Asks: 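Before I ask anything, here is the structure I am working with.
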Amino acid sequence: MKISIWGDYACPYCYIGETNLQKAIEELGVQDKIEYDLNAFQIDLDAPKSTKQTNAVLLAYEKAIPLVKANAAYDHAKAMGKSVGLIINEATAYNTNTVDAHRMVQWAKATYHDFKLIENLADDLFYVYFTENKELADHKVLLDVAKKNKIDTAEVKKILDSKCLKFN
C-alpha cells in the first residue's frame with residue numbers, strides 16, 4: 001500500500017500525524033507492506049532564512065497580544081505532541097524557511113528510493129525543529145541531519161548550494 005503524505009517540517013500537526021501513522025503501521029505489523037511517499041508542502045513561503053525572533057515573539061507582535069498569551073497559543077500542539085511521546089517546543093522555535101529541508105528530502109527520495117530513509121529524515125527534521133529549536137534553513141543543521149542518516153553530505157551540499165527544485 002502506498003501512503004502519500006504532504007507536510008511541512010515546521011508544522012506540529014504534520015509531526016504528530018506522521019508519528020501516529022507510524023505507530024499505527026507498527027501496531028498493525030504491516031511495515032513491509034507500506035510504501036511511504038513523503039511530499040513537500042511548504043506552509044510559509046515567505047519565512048526568512050534566519051531570524052532572532054521565536055514563534056511566540058512574532059505572534060505576540062503580529063497580533064498585538066502579551067507574550068504570555070502568545071506562548072499559550074502553542075499549548076494545544078504541545079499537549080497533543082506529549083500525548084504521543086513528542087516534545088514540541090513550537091513557541092520557542094524559529095520560523096525559518098523550510099524550502100532547503102524539503103529540497104534535501106526530495107533529492108534523497110529520488111536518489112535513494114528508500115522510504116524508511118525518507119521517514120527517518122522527516123522525523124529528524126521535525127525533531128531538530130520542534131525539540132532542539134534549530135533553524136531549518138541553516139545548511140549546517142541540514143547537513144548534520146543528512147550525516148546522521150548516512151547520506152553523502154558532499155552531494156547534499158551541492159543540492160543545497162543549487163537552486164534545483166525538481167529531482168527525478
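Each residue takes its place number in the sequence, starting with 1. Worth saying up front: this structure is predicted, and the values here are computed from it rather than measured.
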Asks: Check side-chain hydrogen bond (donor to acceptor under 3.5 Å, both in side chains) between Lys69 and all other residues, then give those that pass, not counting sequence neighbours.
Replies: none
Asks: Quick check: closest heavy atoms across Ala56 and Ala70, and the distance to 0.1 Å?
Replies: O-CB, 3.3 Å
Asks: Using every non-hydrogen atom in the two residues, find where Met104 and Val145 come nearest and quote the distance to one decimal.
Replies: CE-CG1, 4.1 Å
Asks: So do the side chains of Ile118 and Leu121 get within less than 4.5 Å of each other, counting heavy atoms only?
Replies: yes
Asks: Salt bridge or not between Asp144 and Lys148? Use side-chain N to carboxylate O under 4.0 Å.
Replies: no
Asks: What distance do Ile65 atom CD1 and Asn71 atom CG have between them, rounded to the nearest 0.5 Å?
Replies: 9.0 Å
Asks: Mind running side-chain contact (heavy atoms from CB on, under 4.5 Å) on Thr92 and Tyr74 for me, showing each step along the way?
Replies: CA-CA 10 Å; Thr92 54; Tyr74 296 100; over 6 Å; no
Asks: Could you tell me whether the side chain of Asp124 and the main chain of Asn149 form a donor-acceptor pair under 3.5 Å?
Replies: no
Asks: Please walk me through it: do Asp161 and Lys157 pass salt bridge (charged side-chain N to carboxylate O under 4.0 Å, His left out)?
Replies: CA-CA 6 Å; Asp161 290 343; Lys157 184 166 177 12; 2.8 Å; yes
Asks: Could you measure the distance from the CD atom of Glu35 to the NZ atom of Lys116? Nearest 0.5 Å is fine.
Replies: 14.5 Å
Asks: Considering only heavy atoms from C-beta outward, does the side chain of Val84 approach that of Lys23 to under 4.5 Å?
Replies: yes
Asks: Please check if atom NZ in Lys109 has more than 12 non-hydrogen atoms from other residues, nucleotides or ligands closer than 6.0 Å.
Replies: yes
Asks: Linking I/L/V/M/F/W/Y whenever their side-chain heavy atoms sit closer than 4.5 Å, directly or via other members, would Phe130 and Tyr127 fall into one cluster?
Replies: yes
Asks: Decide if atom NZ of Lys82 counts as having more than 12 heavy atoms of other residues, nucleotides or ligands within a radius under 6.0 Å.
Replies: no
Asks: Between Ile5 and Ile3, is any pair of side-chain heavy atoms under 4.5 Å apart?
Replies: yes
Asks: Does atom NZ (Lys158) have a neighbourhood of more than 12 heavy atoms from anything else shown, all under 6.0 Å?
Replies: no
Asks: Distance from Leu142 atom CG to Asp138 atom CG, nearest 0.5 Å?
Replies: 7.0 Å
Asks: Sequence neighbours left out, what pairs pass side chain to side chain donor-acceptor pair (under 3.5 Å) with at least one residue falling in residues 5-21?
Replies: Asp8-Thr98, Asp8-His102, Tyr13-His76, Glu18-Gln22, Glu18-Tyr36
Asks: Just by modelled atom types, is the Ile87 backbone N or O under 3.5 Å from a matching donor or acceptor in the Thr131 side chain?
Replies: yes
Asks: Mind checking what makes side-chain hydrogen bond (donor to acceptor under 3.5 Å, both in side chains) contact with Lys2, not counting sequence neighbours?
Replies: none
Asks: If Ile, Leu, Val, Met, Phe, Trp and Tyr residues are connected whenever their side-chain heavy atoms lie under 4.5 Å apart, and connections chain through other members, are Met1 and Ile25 in the same group?
Replies: yes
Asks: Whether the Glu135 and Asn95 side chains hold a donor-acceptor pair (N or O, under 3.5 Å, no angle test) is what I'd like checked.
Replies: no
Asks: Please answer: with hydrophobic residues joined when any side-chain heavy atoms are less than 4.5 Å apart, are Tyr94 and Leu136 in the same cluster?
Replies: no
Asks: Donor-acceptor pair, Asp114 side chain versus Leu117 backbone, under 3.5 Å?
Replies: yes
Asks: Using the salt bridge (Lys or Arg N to Asp or Glu O under 4.0 Å) criterion, which residues pair with Lys147? Sequence neighbours excluded.
Replies: none
Asks: List, by chain and number, the other hydrophobic cluster members for Leu58, where Ile, Leu, Val, Met, Phe, Trp and Tyr join if side-chain heavy atoms come within less than 4.5 Å, directly or indirectly.
Replies: none
Asks: Could you tell me whether Lys49 and Asp100 have a side-chain N and a carboxylate O separated by less than 4.0 Å?
Replies: yes
Asks: Test your reading of the model: is there a side-chain donor-acceptor pair from Glu155 to the backbone of Ala108, 3.5 Å cut-off?
Replies: no
Asks: Can you tell if the side chain of Val156 reaches within under 4.5 Å of the side chain of Leu160, non-hydrogen atoms only?
Replies: yes
Asks: Which atoms form the tightest heavy-atom contact between Met80 and Ser83, and what is the distance?
Replies: O-OG, 2.6 Å
Asks: Given side chains that start at C-beta, do those of Asn39 and Ser4 come closer than 4.5 Å, heavy atoms only?
Replies: yes
Asks: Is there a continuous path of hydrophobic side-chain contacts, each under 4.5 Å between heavy atoms, that joins Ile16 to Leu125?
Replies: yes
Asks: Could you list the residues that satisfy side-chain hydrogen bond (donor to acceptor under 3.5 Å, both in side chains) with Glu90, not counting sequence neighbours?
Replies: none
Asks: If you count the non-hydrogen atoms of other residues, nucleotides and ligands that lie under 6.0 Å from CG in Asp32, is the total more than 12?
Replies: yes
Asks: Following the transitive rule for hydrophobic clusters with a side-chain heavy-atom cut-off under 4.5 Å over Ile, Leu, Val, Met, Phe, Trp and Tyr, establish whether Leu143 and Tyr129 coincide in one cluster.
Replies: yes
Asks: Taking the side chain as everything from C-beta on, heavy atoms only, tell me whether Cys14 gets closer than 4.5 Å to Phe126.
Replies: yes
